[in-house]
Amino acid sequence: MWNFWKKASKESTTPKVKPSGEFSVFIPEETLQLADTKIDGKPYVCLLNTSILDLSPKDPFRWYLSLIIRYEKTVGDEMPDKADAAIMQDFTDYLHDLLADDKDHPNALYLGRVTGAGKTHAMWYVNNPEKANSQLQAIIKSGKYPLQFEYVMDEDPDFKEAHWWLG
């Protein structure tokens, strides 16, 4: 069993095994960074949690959740208009709260979102993939979502996706 704990500093991030067999997990405070970049020559706006690579150990959050929102209409540079951008922000914030579930023992850690080329790519690292999948399937089944989306969850124990996005 994993015992999650948050700490502002990076000191002593080595997991400690307790007599009960539980492990401690250092979950760094989110540090969100906004950046503009180009991918395949197209402009993108990124909001990324730069502290996620400080997670220690990473093994409990080995599942990478990738959620894609596609826009039917876009404005210059294939970006969503202001209305869709606001809806997307509210929706991904809602998903983040839903997927994290418990702030003291989160099920999902936010990697960030990247918007460009007519879509937003929102990303998390997940502890319990069955729970996250069930939550997303419940949203789909209810039909109560403001934007069409699709998602996949894959094992990524080495955080390759986070390293790719964060450089």
Side-chain angles (χ1 to χ4, degrees), residues 1-18 21-40 42-69 79-80 85-117 119-136 139 147 149-167:
M1 175 177 269
W2 296 98
N3 179 31
F4 301 102
W5 55 282
K6 295 182 180 184
K7 193 171 179 180
S9 71
K10 294 182 186 178
E11 62 192 50
S12 185
T13 60
T14 305
K16 297 176 177 72
V17 180
K18 296 181 179 183
E22 291 183 352
F23 290 84
S24 293
V25 178
F26 169 75
I27 299 176
E29 293 295 323
E30 273 186 11
T31 305
L32 298 177
Q33 184 173 346
L34 185 63
D36 294 325
T37 191
K38 289 197 180 223
I39 301 172
D40 296 331
K42 295 183 180 187
Y44 282 77
V45 176
C46 307
L47 180 66
L48 297 170
N49 178 7
T50 58
S51 65
I52 199 162
L53 293 177
D54 294 333
L55 177 70
S56 178
K58 291 175 177 48
D59 192 60
F61 291 91
R62 65 188 300 116
W63 292 90
Y64 172 73
L65 169 59
S66 170
L67 185 139
I68 304 289
I69 297 168
M79 292 292 186
I87 291 168
M88 175 274 299
Q89 289 174 357
D90 289 344
F91 185 48
T92 56
D93 288 348
Y94 165 75
L95 290 173
H96 178 56
D97 290 343
L98 177 74
L99 294 166
D101 191 34
D102 178 349
K103 292 188 188 300
D104 292 327
H105 300 90
N107 186 48
L109 302 177
Y110 192 54
L111 172 55
R113 67 178 181 247
V114 179
T115 300
K119 65 183 181 251
T120 292
H121 182 185
M123 303 160 283
W124 292 266
Y125 276 94
V126 175
N127 174 287
N128 181 335
E130 292 84 11
K131 182 176 182 179
N133 185 61
S134 179
Q135 291 168 316
L136 292 169
I139 290 172
L147 298 164
F149 69 94
E150 59 193 53
Y151 71 95
V152 296
M153 230 179 317
D154 294 307
E155 269 191 292
D156 182 13
D158 298 323
F159 276 45
K160 289 179 184 175
E161 291 293 333
H163 284 286
W164 191 88
W165 287 107
L166 296 171

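This is a predicted model, so every value here is computed, not measured.
Side-chain N or O atoms of T50 include one that pairs as donor or acceptor with a backbone N or O of T31 at under 3.5 Å. Here the side chain of N128 pairs no donor or acceptor atom with the backbone of N107 at under 3.5 angstrom. The closest donor-acceptor contact from the side chain of Q135 to the backbone of L98 lies under 3.5 Å. Between the side chain of K58 and the backbone N or O of L53, at least one donor-acceptor pair lies under 3.5 Å.
In this structure, CG in L147 is found 13.0 Å from CD1 in I68, a value given to the nearest 0.5 Å. I27 contributes atom CD1, which lies 10.5 Å from atom OG of S51 (distance to the nearest 0.5 angstrom). Between atom NZ of residue K131 and atom CG of residue D101 there is a gap of 3.5 Å, rounded to the nearest 0.5 Å. Here CD1 of I52 is found 5.5 Å from CZ of F159. Values are rounded to the nearest 0.5 Å. To the nearest 0.5 Å, atoms CE (M88) and NZ (K119) are separated by 13.5 Å. The OH atom of Y64 lies 10.0 Å from the CH2 atom of W124; values are rounded to the nearest 0.5 Å.
When every heavy atom of A117 is checked against every heavy atom of K42, the shortest pair comes out as CB-CD, 4.1 Å. Minimum heavy-atom separation, P57 to S24: CD-O, 3.7 Å. Here the shortest heavy-atom pairing between A162 and D156 reads N-OD2, 4.5 Å. Of all non-hydrogen atoms in M79 and P43, the two that sit nearest each other are CE-O, 3.4 Å.
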Decide side-chain contact (heavy atoms from CB on, under 4.5 Å) for E29 and D54; before the verdict, give the C-alpha distance in whole Å, the side-chain angles of both, and the deciding distance to 0.1 Å. CA-CA 9 Å; E29 293 295 323; D54 294 333; over 6 Å; no

Begin from the C-alpha positions of D97 and K103 and carry the test side-chain contact (heavy atoms from CB on, under 4.5 Å) through to its verdict. CA-CA 9 Å; D97 290 343; K103 292 188 188 300; 4.2 Å; yes

Can you list the steps and then say if V25 with D59 is a side-chain contact (heavy atoms from CB on, under 4.5 Å)? CA-CA 9 Å; V25 178; D59 192 60; over 6 Å; no

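Using a 4.5 Å heavy-atom threshold, the side chains of Y44 and K38 count as separate. Contact annotation: the side chain of M123 approaches that of L48 to within less than 4.5 Å [non-hydrogen atoms, C-beta and beyond]. F91 is not listed as a side-chain neighbour of T120, based on a closest heavy-atom distance of 4.5 Å or more. A heavy-atom distance below 4.5 Å is found between the side chains of Y151 and N133. Contact annotation: the side chain of T115 never approaches that of L47 to less than 4.5 Å [non-hydrogen atoms, C-beta and beyond].
The aromatic rings of H121 and W165 stand perpendicular to each other, their planes meeting at an angle above 60°, with 30° marking the opposite boundary.
Heavy-atom neighbours of D158 CG from other residues, nucleotides or ligands within 6.0 Å: above the threshold of 12.
Just one of N127, L65, L55 meets the side chain to side chain contact (heavy atoms under 4.5 Å, CB included) condition when paired with L109; it is L55.
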